[in-house]
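The next block holds one structure in the form of structure tokens; read it before the comments.
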Amino acid sequence: MENDEIKNIKNLENIQDLLNELPEFKYQKGLTDKLDNKKNDFTYETILEIVLWKTNRFPEIDEDLIVKINELRKEYDEGLSNHILTKLLDSKGFDLPMASTFLRFIDSDYFQIIDQRVYRILYGENLKIPFSKPKKIELYKKYLIDLKKACITYNIPFSKSDRILYLLDKHSQVNKSLKIKY
């Protein structure tokens with residue numbers, strides 16, 4: 001098989017011209033450069049960066065947003081949380097499920113992950129994430145309000161509700177007719 005691959009390359013006409021016309025490799029540019037130029041020992045963070053590079057899931061967040069995230073961790077502020085959600089949705093590598101995951105780990109008393117399984121338990125239908133950012137934010141806020149109501153009704157701690165309801169959906173027969181979309 002290896003010889004077949006080499007034959008295939010040899011059969012390309014004007015290979016040098018083709019090679020000279022190739023565009024610059026821009027895939028995950030910042031992370032690619034960082035990993036290509038890494039001289040010190042690999043750490044667990046390096047391993048995660050490589051996995052994220054390979055899966056094209058490496059997020060790009062500026063330092064200002066990280067500062068704001070840490071401010072919100074210290075003290076909840078609705079305006080700041082709206083700003084962070086908006087900025088996360090504007091960032092490469094983030095859609096509503098990933099943004100809500102970050103928010104949940106910032107403060108689980110106010111935020112929970114919007115998840116297909118939890119959504120199915122709450123609404124009895126599959127999660128459909130809208131295309132527009134305002135609609136995503138609206139969906140997430142309604143989801144949090146409805147989730148809080150369900151937690152009060154069924155005596156579920158809100159800070160653990162995403163995990164509890166995820167397990168309920170996964171291990172019960174409630175939504176077996178609704179297929180999970182991966």
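Computed from a predicted model, the values in this text were never measured in an experiment. All residue numbers in this chain count up from 1 along the given sequence.
- The aromatic rings of Tyr119 and Tyr143 sit parallel, their planes meeting at an angle under 30°, below the 60° perpendicular limit.
- In the hydrophobic clustering of this structure, Leu65 does not group with Phe58; members are Ile, Leu, Val, Met, Phe, Trp, Tyr whose side-chain heavy atoms approach within less than 4.5 Å, directly or through other members.
- With sequence neighbours excluded, the residues that form a side-chain contact (heavy atoms from CB on, under 4.5 Å) with Lys133 are Thr86, Leu89, Asp90, Ile137.
- A donor-acceptor pair under 3.5 Å links the side-chain atoms of Thr32 to the main chain of Tyr27, judged by distance alone.
- Note on Trp53: it does not cluster hydrophobically with Ile61, by side-chain heavy-atom contacts below 4.5 Å among ILVMFWY residues.
- The stretch residues 91-107 participates, sequence neighbours left out, in these salt bridge (charged side-chain N to carboxylate O under 4.0 Å, His left out) pairs: Asp95-Lys136, Arg104-Asp162.
- The minimum heavy-atom distance linking Phe111 with Phe158 is given by the pair N-CE2, 3.9 Å.
- Dense packing is recorded around NZ of Lys148, with more than 12 heavy atoms of other residues, nucleotides or ligands lying under 6.0 Å away.
- Linking Ile, Leu, Val, Met, Phe, Trp and Tyr whenever their side-chain heavy atoms come within less than 4.5 Å leaves Val67 and Leu88 in two separate clusters.
- Side chain of Gln112 to main chain of Ser108: a donor-acceptor pair is present (N/O by atom type, distance under 3.5 Å, no hydrogens or angles).
- Neither side chain, Lys68 nor Asn70, offers a donor N or O lying under 3.5 Å from an acceptor on the other.
- For the pair Tyr140 (side chain) and Ile113 (backbone), a donor-acceptor distance under 3.5 Å is absent.
- Of the possible donor and acceptor atoms, one in the side chain of Thr43 sits under 3.5 Å from a partner among the backbone N and O of Thr46.
- Among all heavy-atom pairs drawn from Gln28 and Asn56, the shortest one is NE2-OD1, 2.6 Å.
- Distance check, rounded to the nearest 0.5 Å: OH of Tyr154 to CD1 of Ile152 gives 12.5 Å.
- Heavy atoms only, all atoms of each residue included: Asn37 and Asp33 are closest at ND2-O, 2.8 Å.
- To the nearest 0.5 angstrom, Ile106 atom CD1 is 4.5 Å from Ile69 atom CD1.
- Ion pairing between a basic and an acidic side chain is recognised when a charged N comes within 4.0 Å of a carboxylate O; Arg120 and Glu125 show no such pairing.
- Taking hydrophobic clusters as Ile, Leu, Val, Met, Phe, Trp and Tyr residues chained together by side-chain heavy-atom distances below 4.5 Å, Phe105 does not share a cluster with Val118.
- Under a hydrophobic clustering in which Ile, Leu, Val, Met, Phe, Trp and Tyr are joined whenever their side-chain heavy atoms come within less than 4.5 Å, directly or via other members, Val51 and Met98 fall into different clusters.
- The side-chain hydrogen bond (donor to acceptor under 3.5 Å, both in side chains) test applied to Asp115 returns no partner, not counting sequence neighbours.
- For Asp41, the CG atom counts as loosely surrounded, since its 6.0 Å shell holds 12 or fewer non-hydrogen atoms of other residues, nucleotides or ligands.
- The minimum heavy-atom distance between Asp146 and Leu122, with the atom names listed, is O-CD2, 4.2 Å.
- The OG atom of Ser91 sits 9.0 Å away from atom CZ of Phe102, with the distance rounded to the nearest 0.5 Å.
- For Glu49 against Leu31, the heavy-atom pair with the smallest separation is O-CD2, 3.5 Å.
- Annotation for Tyr76: atom OH counts as buried by contact number, over 12 foreign heavy atoms lying within 6.0 Å.
- A pairwise comparison of heavy atoms in Leu80 and Leu72 identifies CD2-N, 3.7 Å as the closest pair.
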